[in-house]
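Here is the structure we will look at.
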Amino acid sequence: MSNLPKEAQCELENSYSIDYGRVLENQLSKDGTRKVLIQYNSDSKATVECVFIPDSSRGTLCVSSQVGCSLSCKFCHTGTQSLYRNLTASEIVGQYMIAAWKEKDYPRQIGQRPNISNIVFMGQGEPLYNFRNVSKAISVLTDRDGIGMAPWRITISTSGVAPLIPKIATDLRVGLAISLHSADNDLRSEIMPINKTYPLPILMQSCAEFAALASHQARRITFEYVMLDGINDMDSDAKRLVDLVKGLPAHVNIIPFNPWPGSAYRPSSESRIARFCGLIRDSGVFASVRTPRGDDILAACGQLKSAHDSAATMATTTASNAASTISS
């Protein structure tokens, strides 16, 4: 800002910094999906992923809210990474800024249609366990003097922190996605331990409250359902799911499972997924199957971070062993 007095420039330089984070990995898939691994404060443990997924009608950025996760969902790769810390509001917004520059949304031109049109909090961490910083980040992203994104273009995905779900409608005014994955209370408790704290009846009551409080544009609730072979993909599971969400403005997003090393689960077959989706649609509930993206760049949540951490650990171990050999 060369138009400011020298004293003001010095004060700004000494007191403030603009730091979106350090990009450790920047991978671009053949299908246009981009995955970025970001490190904060030169802390080797403070690394998160964000993923940009382009489509014909929109571009969606998936951001993280925590470094690691405390929920230990059995099918989720991030669940194998213990919680390190919450991200600050600036670190959350920084993921958007890094992606926006890489996707050439900046420097912004008058009348330019942004490539990043939507944001989903579906990356690492449970957003509602970092509610304060997620709330601050959303206020920056939606401020007309800031990023200026419409609130209904932002969605928070939660594993089911029921008491805070109505606040997504009243305080944040953004969309809601529920990481559901089973409509059977016992099975959900087995694969998602948070269900023991907030079982399905309590969770669904919170969803009903959200739907009653949300704006018309943000009212629809997405129920995410990862398909696990022989676990939650039977016809009876589909019927149970329909019975659970009927009466709500629901959309079921069926997700083919992306296996990772050490996972105890296998993906359902394409034919089983198609039948499962058909049963839901035939019952009058909106449903779609998520198309896998970025398979060639470890785009599933947590995979790039794990690969990078493993490589760093191996390099450190090799260097340590070499030093020991030399000293002996």
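- Dense packing is recorded around OH of Y84, with more than 12 heavy atoms of other residues, nucleotides or ligands lying under 6.0 Å away.
- Contact between P193 and S72 at its shortest, heavy atoms only, is CD-O, 3.6 Å.
- Note that OG of S17 and CG of L12 are 11.5 Å apart. Values are rounded to the nearest 0.5 Å.
- Atom CE of M192 is separated from atom NE2 of H181 by 5.0 Å, given to the nearest 0.5 angstrom.
- Annotation for A218 and R173: closest pair CB-O, 4.4 Å, computed over non-hydrogen atoms.
- Applying side-chain contact (heavy atoms from CB on, under 4.5 Å) to I168 and the options I138, I156, L213, V161 leaves one that passes, I156.
- Side-chain atoms of T60 and N118 form no donor-acceptor pair, as typed in the model, at a separation below 3.5 Å.
- In summary, the side chains of S29 and D31 do present a donor paired with an acceptor at a separation below 3.5 Å, with no hydrogens or angles considered.
- Side-chain polar atoms of T158 and E126 form a donor-acceptor pair below 3.5 angstrom.
- The structure places CG of N115 at 4.5 Å from CG of D105, a figure rounded to the nearest 0.5 Å.
- Side-chain N or O atoms of R293 include none that pairs as donor or acceptor with a backbone N or O of F52 at under 3.5 Å.
- Among all heavy-atom pairs drawn from I98 and G21, the shortest one is CD1-O, 4.0 Å.
- A perpendicular orientation is assigned to the rings of Y96 and Y106, their planes being inclined by more than 60° (bins at 30° and 60°).
- Contact between Y225 and A183 at its shortest, heavy atoms only, is CE1-N, 4.4 Å.
- Between K239 and D235 no salt bridge is recorded (no basic side-chain N to carboxylate O distance below 4.0 Å).
- With respect to the salt-bridge test (charged N to carboxylate O, under 4.0 angstrom), the residues E190 and K74 do not qualify.
- For the pair R85 (side chain) and V67 (backbone), a donor-acceptor distance under 3.5 Å is absent.
- Cluster annotation: L164 and V174 are assigned to the same hydrophobic cluster (Ile/Leu/Val/Met/Phe/Trp/Tyr, side-chain heavy-atom contacts under 4.5 Å, transitive).
- Pairing each heavy atom of S65 with each of F121, the nearest pair is CB-CD2, 4.4 Å.
- I178 CD1 to I221 CD1: the interatomic distance, rounded to the nearest 0.5 Å, is 6.5 Å.
- For the residue pair F257 and F75, the shortest heavy atom distance occurs at CE1-O, 3.3 Å.
- Counting non-hydrogen atoms of other residues, nucleotides and ligands closer than 6.0 Å to CZ of R240 gives a total above 12.
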